[in-house]
Amino acid sequence: MNKLTKSILTSVSAMLMTVALTTSVGAASIHKASSATIHRRTALTYSYAKKMLKENKTGLSGKTSSLFNRKLYSETGAASGYSDFLLGLKGNHYKFTTREKNLLRKNLVIKSSTTAATLANAVMAVQAMGLNAQNYKPYGHMTGINLVSRLYRTSVSNQTASSQAETLIAVSMSSKFKRPSHAKFSKASLSSRLVKVQLKNHGWTYNNAQGAKDADTTSMVLTGLSRGKSNTGSIESSIQKGQRFLYSLVQSNGAFGYTFNGKTTPNANSTAEAIIALSNNSTTKKYVNVSAMRTGQKATPLYAMMTYVNKTGSIKNATSQLYGVGQVNLAVAAYKAALKGQSVYSIN
């Protein structure tokens with residue numbers, strides 16, 4: 001185990017001593033992730049992620065692909081989920097090497113037709129790696145690109161709620177980010193857009209389908225609205241309603257899942273998205289690993305998420321390890337940041 005990994009694990013243990021017990025007592029008892037479990041399983045998935053980056057692979061076994069490859073991914077230059085993957089490493093204090101930064105710079109695709117969602121992911125990835133999204137220099141170029149300004153000047157009207165939420169998160173990452181003239185939106189107007197597509201059940205879905213239960217999109221929008229910090233009455237009310245809807249979706253084992261044809265399938269990714277949303281709001285971070293959200297809940301989301309970490313560090317039943325490992329690491333990092341009163345998305 002190298003010094004960096006030991007340092008991270010020591011940090012995790014120190015910050016999470018308050019949740020060292022496996023269960024609470026009394027009528028409202030709930031299983032919590034112990035500090036020992038968090039320590040051990042975070043080490044496994046963090047190590048797995050480092051190997052993935054080193055090998056430039058979306059996984060370490062089975063059918064995998066390149067993580068970064070502009071020929072393979074002509075619109076982005078990277079596999080879907082790469083920004084969360086890099087943010088998860090950054091949030092757990094990984095130090096990206098020059099070779100790894102150049103891997104991004106050589107492959108990231110930025111075109112005049114690049115969508116807001118793709119630009120948002122690029123902004124998050126560039127910031128995560130310690131580069132400057134307002135002066136991003138592709139490999140071999142002396143002139144930088146202001147990805148933030150380009151994102152602000154890209155239309156978001158035809159983007160999904162998830163993509164709009166990602167955009168809101170991206171432009172809210174740094175206090176140094178400036179909204180340019182002729183911007184197509186502001187953080188306040190983008191927040192209002194998301195409020196307008198909130199469903200009658202008070203959640204959100206990727207396709208705005210009434211009656212659907214979508215924990216992933218609801219979580220992402222709640223994260224975006226919390227990061228946007230547009231504290232108008234309508235937005236605050238929307239957040240509170242959305243939070244209550246999210247609480248109603250937690251399974252008795254603490255996990256969240258995707259719902260199709262009335263059946264919910266709990267999984268690590270949906271649970272991680274919910275943890276990220278809960279961690280990015282000071283009033284809800286207690287629900288990650290301290291308190292129950294609803295009657296009948298027997299375990300916390302953090303407890304549930306840790307059960308998906310395999311002995312190898314991979315994630316059980318993940319669609320891809322890039323998504324699985326990336327979002328689990330990001331969720332752990334989000335909660336660690338929340339315990340310090342910070343956000344994993346704040347990167348100046």
Side-chain angles (χ1 to χ4, degrees), residues 1-12 42-60 64-70 72-73 76-110 118-142 144-148 166 169-170 173-174 176-177 272 276 313 320-334 336-337 340 342-348:
M1 185 183 295
N2 61 35
K3 292 182 179 179
L4 176 60
T5 302
K6 288 181 179 178
S7 174
I8 291 167
L9 298 181
T10 299
S11 174
V12 172
T42 298
L44 291 172
T45 191
Y46 175 75
S47 295
Y48 195 98
K50 289 194 298 180
K51 292 176 183 176
M52 287 171 60
L53 182 58
K54 182 178 180 180
E55 297 182 17
N56 191 31
K57 293 291 185 181
T58 58
L60 301 178
T64 65
S65 184
S66 298
L67 203 168
F68 294 104
N69 188 316
R70 67 185 297 122
L72 187 61
Y73 312 110
T76 60
S80 181
Y82 79 101
S83 60
D84 279 357
F85 176 80
L86 295 175
L87 281 164
L89 282 169
K90 166 69 175 179
N92 284 291
H93 310 295
Y94 183 73
K95 303 296 182 183
F96 295 96
T97 66
T98 298
R99 183 192 71 81
E100 290 161 352
K101 292 177 182 180
N102 286 340
L103 187 63
L104 174 80
R105 295 173 62 213
K106 288 178 180 179
N107 288 285
L108 196 63
V109 175
I110 304 296
T118 299
L119 281 170
N121 279 290
V123 168
M124 288 189 273
V126 167
Q127 287 293 111
M129 283 196 126
L131 303 171
N132 183 359
Q134 292 192 116
N135 188 27
Y136 166 69
K137 295 179 180 178
Y139 191 79
H141 290 242
M142 297 300 293
I145 303 171
N146 190 330
L147 297 175
V148 178
E166 285 180 322
I169 292 168
M173 289 187 80
S174 172
K176 297 178 181 179
F177 285 177
I276 294 166
S320 80
Q321 290 306 319
L322 185 59
Y323 268 117
V325 169
Q327 291 189 324
V328 167
N329 274 318
L330 182 56
V332 171
K336 289 194 300 183
K340 291 182 175 180
Q342 300 169 357
S343 171
V344 72
Y345 291 112
S346 293
I347 305 176
N348 278 323

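Both backbone and side-chain heavy atoms feed into the values below; hydrogens, waters and symmetry mates do not.
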Check: [X] side chain, [Y] main-chain N or O, donor-acceptor pair, under 3.5 Å:
X: Tyr73; Y: Asn107; answer: no
X: Tyr48; Y: Leu60; answer: yes
X: Asn329; Y: Phe85; answer: no
X: Gln127; Y: Ile347; answer: yes

Heavy-atom closest pair, residues [X] and [Y]:
X: Val344; Y: Ala333; answer: CG2-CB, 3.8 Å
X: Ser343; Y: Ala337; answer: C-CB, 3.9 Å
X: Ala79; Y: Ser66; answer: CB-O, 4.0 Å
X: Asn348; Y: Ser174; answer: OD1-OG, 2.6 Å
X: Gly59; Y: Gln321; answer: CA-CB, 4.1 Å
X: Ala78; Y: Phe68; answer: CB-CD2, 3.6 Å

So [Y] and [X], do their side chains get closer than 4.5 Å, heavy atoms only?
X: Val126; Y: Leu108; result: yes
X: Leu53; Y: Tyr94; result: yes
X: Val148; Y: Tyr136; result: no

Task: side chain to side chain contact (heavy atoms under 4.5 Å, CB included) evaluation trace for Tyr46 with Leu89 - done: CA-CA 7 Å; Tyr46 175 75; Leu89 282 169; 4.0 Å; yes
Atom [atom1] of [X] and atom [atom2] of [Y]: how far apart are they, to the nearest 0.5 Å?
X: Lys57; Y: Ser65; atom1: NZ; atom2: OG; answer: 7.0 Å
X: Glu166; Y: Asn121; atom1: CD; atom2: CG; answer: 4.5 Å
X: Arg105; Y: Lys137; atom1: CZ; atom2: NZ; answer: 8.5 Å
X: Thr45; Y: Gln327; atom1: OG1; atom2: CD; answer: 11.5 Å
X: Asn102; Y: Leu131; atom1: CG; atom2: CG; answer: 9.0 Å
X: Phe177; Y: Asn146; atom1: CZ; atom2: CG; answer: 8.5 Å

Open item on the list: Taking the six-membered ring of Tyr139 as reference, does the cationic atom of Lys106 (NZ for Lys, CZ for Arg) lie under 6.0 Å from its centre and within 45° of its axis?
Closed with: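 The answer is yes; both the distance and angle limits are met.
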TODO: For Ser320, check side chain to side chain contact (heavy atoms under 4.5 Å, CB included) against everything at least two apart and list the hits.
DONE: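 For Ser320 the side chain to side chain contact (heavy atoms under 4.5 Å, CB included) partners, ignoring immediate neighbours, are Leu322, Tyr323.
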- [ ] Applying side chain to side chain contact (heavy atoms under 4.5 Å, CB included), run through Leu87 and Met173 and close with a yes or a no.
- [x] CA-CA 12 Å; Leu87 281 164; Met173 289 187 80; 4.0 Å; yes
Task: Worked verdict on Leu330 versus Tyr345 for side chain to side chain contact (heavy atoms under 4.5 Å, CB included) - done: CA-CA 10 Å; Leu330 182 56; Tyr345 291 112; 3.7 Å; yes
TODO: Could you tell me whether the side chains of Asn92 and Lys336 share a donor-acceptor contact shorter than 3.5 Å?
DONE: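 Asn92 vs Lys336: donor-acceptor pair found between side chains.
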